[in-house]
Asks: 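The structure that follows is given in the form of structure tokens.
Given the structure is predicted, the values throughout are model-derived calculations rather than measurements.
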Amino acid sequence: MSRYFQRHLLLIGLLGFFSGLPLALTASTLTAWLADTKVDRTTIGLFAAVATPYALKFLWAPLLDGVRLPILGKLGRRRSWLMLIQALLAGTVAAMAFSDPSANAGMTALMALMVATCSATQDIAIDAYRVERLKPEEQGEGAAMSTLGYRIGMLTSGAGALALADALGWQMTYLVMAGVMVVALPLTLFAQEPRIHESTKSRIYDKKSVISWFRDFVISPFTDFMKRPLWWQVLVFVVLYKLGDAFMGTMFNPFLLELGFTKTQIAEIVKIYGLIATLIGTFIGGWLVARWGTYKSLMICGFGHMLTNLMLVELARRGADTQYLAFSIILENSTGGMSLAAFVAYLSSLTRVHYTATQYALLSALAAFGRTWLSTPSGAIATALGWQGFFLFATALAIPSLLLLAYLQKRAAIQ
């Protein structure tokens, strides 16, 4: 455990916090806001599409690898982009506070889309910073710390936002979240810039033609990845591994509110108990990666997480049972933390230092694809199947990814 308290790993955890903070504001917390203002289920499901920038962020990731910002560029490639995007992110969250989904759901969706775009860009810079800042043997621990901070960030904008909404209302809640985001700026300012590989450094600062730059920073990262064995099967696995979670996450808060749980109960039980369970699961996941390797960690944690998701089927039958909700959340979040830590470590292992931002953005964008477009029918499916049928369906979505994982291991594409 002492290894996790090294200064640079603690910094990775703090950056993970600011990476996770905006996500709930355009996802679970936003769906709770929509449900609270009586927006219908189908519309709530469609709001999952505002997270589209997370699935498309690889398109502008080359800018963060190959463009030096004026003035701010003196801080270094990673820190300069982080400073710019974090300032924009705080501003867009504040702007979102003044939207009204009950009166104009389209404007709320537009504001949420702007927040998601800035958040996705921040993720590009933070992920690249983590991969470049840590040694190869520290990537598992870095994944655990990043996941830990990420979950605490989501707790702040999830449980914290729900509790604040009960006391202060939604507008003030989003303004408070914007204020929290401002704290990221001094943290980034005093962070240590990662060392840049010499060949990468020369490609960044040499004056080049547009065609040459496009070849080096847009074409090369993708052609490099496509040279690997079974590359497209790897990408399909990345899309599928968290697809079941994406379906459940979109409708989870509306499900609990419909069962009769209050926002305060959701904040106390789901978020707080869930955080404790996730902390334990995250550290176990990082330890499993170091001990067992990527394949075993992904398979065991993914299978365990799939089984614990079935507890929501029973919760749908029981109704607003707070004790059962707490029990199911503890199990589900602990296995979820384990699987996510293993997954982040796996994505980190797939990138090369020359193209860190672009390649990791591609992989994480594909992972987010399920949370955006593939999960948009979740509201309609919940209406058609009922809550029990919906959660059975969402649990079954994990099976194809585990089968593909076994295939990749058999073909030596993953260890």
Asks: What distance do Leu11 atom CG and Leu187 atom CG have between them, rounded to the nearest 0.5 Å?
Replies: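 These two atoms lie 5.5 Å from each other.
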
Asks: What's the spacing between Met248 CE and Phe393 CZ if we round to 0.5 Å?
Replies: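 It comes to 10.5 Å.
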
Asks: What's the shortest heavy-atom distance between Arg130 and Gly142, and which atoms?
Replies: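 For Arg130 versus Gly142, the nearest heavy atoms are CD-O, 3.8 Å.
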
Asks: In this structure, are over 12 heavy atoms from other groups packed under 6.0 Å from Met311 atom CE?
Replies: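 Atom CE in Met311 is crowded, with more than 12 foreign heavy atoms closer than 6.0 Å.
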
Asks: Check whether any side-chain heavy atom of Phe391 lies under 4.5 Å from a side-chain heavy atom of Leu315, and answer yes or no.
Replies: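 No, their side chains stay 4.5 Å or more apart.
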
Asks: Sub-3.5 Å donor-acceptor pair from the side chain of Arg68 to the main-chain atoms of Arg77, do we have one?
Replies: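 Side chain of Arg68 to backbone of Arg77: no pair is present.
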
Asks: Which heavy atom of Met177 sits nearest a heavy atom of Leu21, and at what distance?
Replies: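 Closest approach of Met177 to Leu21: O-CD2, 4.0 Å.
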
Asks: Can you name the closest pair of heavy atoms from Arg78 and Ala357 and give their distance?
Replies: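 Where Arg78 meets Ala357 most closely, the heavy atoms are NH1-CB, 3.8 Å.
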
Asks: Might you point out which heavy atoms bring Ala165 and Thr173 nearest each other, and give the distance in Å?
Replies: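 That closest heavy-atom pairing would be N-OG1, 3.2 Å.
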
Asks: Is it true that a side-chain atom of Ser99 and a backbone atom of Met107 form a donor plus acceptor pair closer than 3.5 Å?
Replies: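 No, Ser99 side chain to Met107 backbone: no donor-acceptor pair under 3.5 Å.
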
Asks: Just verifying a value: how many Å separate Thr351 OG1 and Leu362 CG, rounded to the nearest 0.5 Å?
Replies: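 Spacing of OG1 (Thr351) from CG (Leu362) equals 11.0 Å.
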
Asks: Does Tyr241 have any ring pair (Phe, Tyr, Trp, His ring centres under 6.0 Å) partners at least two apart in sequence or in another chain, and if so, which?
Replies: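 Result, ring pair (Phe, Tyr, Trp, His ring centres under 6.0 Å) vs Tyr241: Phe237, Phe343.
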
Asks: Could you tell me whether the side chain of Leu350 reaches within less than 4.5 Å of the side chain of Tyr360, counting heavy atoms only?
Replies: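 Not in contact.
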
Asks: Could you check whether any side-chain heavy atom of Leu148 comes within less than 4.5 Å of a side-chain heavy atom of Leu279, counting everything from C-beta outward?
Replies: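 Side-chain contact under 4.5 Å: yes.
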
Asks: Sub-3.5 Å donor-acceptor pair from the side chain of Ser19 to the main-chain atoms of Leu15, do we have one?
Replies: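 Pair absent, no side-chain N/O of Ser19 close to backbone of Leu15.
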
Asks: Can you tell me how far CD1 of Ile381 sits from CZ of Phe390, rounded to the nearest 0.5 angstrom?
Replies: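 Answer for the CZ-CD1 pair, Phe390 versus Ile381, is 7.0 Å.
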
Asks: What do the steps show when you test Val115 against Leu89 for side chain to side chain contact (heavy atoms under 4.5 Å, CB included), and what is the final call?
Replies: CA-CA 6 Å; Val115 172; Leu89 189 52; 4.1 Å; yes

Asks: Taking all non-hydrogen atoms of both residues, which atom of Ala361 and which atom of Ala61 are closest, and how far apart?
Replies: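 Smallest interatomic distance, heavy atoms only, reads CB-CB, 3.5 Å.
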
Asks: Quick one: are Ile85 and Ile124 in side-chain contact, heavy atoms under 4.5 Å?
Replies: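 With C-beta onward as the side chain, the pair stays apart.
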
Asks: Quick one, Phe283 and Met338 - any side-chain contact, counting heavy atoms below 4.5 Å?
Replies: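 The answer is no, as the side chains (C-beta and beyond) never meet within the 4.5 Å cut-off.
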
Asks: Cut-off 3.5 Å, side chains only: do Ser119 and Tyr54 have a donor facing an acceptor?
Replies: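 Yes, side-chain donor-acceptor contact under 3.5 Å.
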
Asks: Taking everything shown except Phe303 itself, do over 12 heavy atoms lie less than 6.0 Å from its CZ?
Replies: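 Not buried by this count: 12 neighbours or fewer within 6.0 Å.
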
Asks: Could you go through the side chain to side chain contact (heavy atoms under 4.5 Å, CB included) check for Asp123 and Lys57 one step at a time?
Replies: CA-CA 9 Å; Asp123 288 351; Lys57 61 184 179 180; 3.7 Å; yes

Asks: Start with the C-alpha distance between Leu164 and Met172, add both sets of side-chain angles, then the distance that settles side chain to side chain contact (heavy atoms under 4.5 Å, CB included), and finish with yes or no.
Replies: CA-CA 8 Å; Leu164 282 174; Met172 185 58 65; over 6 Å; no

Asks: Is it true that Phe255 and Trp387 have ring centroids separated by less than 6.0 Å?
Replies: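 For Phe255 and Trp387, the ring centres are under 6.0 Å apart.
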
Asks: Could you pull out all residues at least two apart from Leu403 that satisfy side-chain contact (heavy atoms from CB on, under 4.5 Å)?
Replies: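 Ile399.
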
Asks: Strictly distance-based, threshold 3.5 Å: is any side-chain N or O of Ser334 a donor or acceptor partner for the main-chain N or O of Ala277?
Replies: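 The answer is no, because no donor-acceptor pair under 3.5 Å joins these two groups.
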
Asks: Under 3.5 Å, is there a donor-acceptor pair linking the side chains of Thr147 and Thr282?
Replies: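 Thr282 and Thr147 do not have a side-chain donor-acceptor pair below 3.5 Å.
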
Asks: Donor-acceptor check, side chain of Thr26 to backbone of Leu23, threshold 3.5 angstrom: yes or no?
Replies: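 Flag set: sc Thr26 to bb Leu23 pair under 3.5 Å.
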
Asks: Step by step, would you call Thr31 with Phe252 a side chain to side chain contact (heavy atoms under 4.5 Å, CB included)?
Replies: CA-CA 9 Å; Thr31 59; Phe252 190 58; over 6 Å; no

Asks: Val344 versus Tyr150: any side-chain heavy-atom pair under 4.5 Å?
Replies: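 Counting from C-beta outward, Val344 and Tyr150 never come under 4.5 Å.
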
Asks: Between Tyr174 and Leu25 (side chain of the first, backbone of the second, donor and acceptor by atom type, cut-off under 3.5 Å), is there such a pair?
Replies: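 Yes, Tyr174 side chain to Leu25 backbone: donor-acceptor pair under 3.5 Å.
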
Asks: Exactly one of Asp127, Asp224, Asp65 should register a side chain to side chain donor-acceptor pair (under 3.5 Å) with Gln359. Which one does?
Replies: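 In the set Asp127, Asp224, Asp65, the residue that makes a side chain to side chain donor-acceptor pair (under 3.5 Å) with Gln359 is Asp224.
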
Asks: Minimum heavy-atom separation for Ile300 and Trp292, please, with both atom names.
Replies: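 Heavy-atom minimum between the residues: CD1-CZ3, 3.3 Å.
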
Asks: Is there a side-chain contact between Glu332 and Leu312 in this structure, where contact means two heavy atoms from C-beta onward sitting under 4.5 Å apart?
Replies: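 A side-chain contact is absent here, since even the closest heavy-atom pair is not under 4.5 Å.
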
Asks: Contact between Leu288 and Lys296 at the side-chain level, heavy atoms closer than 4.5 Å - yes or no?
Replies: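 Not in contact.
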
Asks: Do the ring planes of Phe58 and Phe222 sit parallel (below 30°), tilted (30 to 60°) or perpendicular (above 60°)?
Replies: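 Rings of Phe58 and Phe222: perpendicular, over 60°.
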
Asks: Would you compute the distance between atom CG of Leu84 and atom OG1 of Thr121 and round it to the nearest 0.5 angstrom?
Replies: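 Output value for this atom pair is 9.5 Å.
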
Asks: Rounded to the nearest 0.5 Å, how far apart are CD of Gln6 and CD of Glu141?
Replies: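 Answer for the CD-CD pair, Gln6 versus Glu141, is 7.0 Å.
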
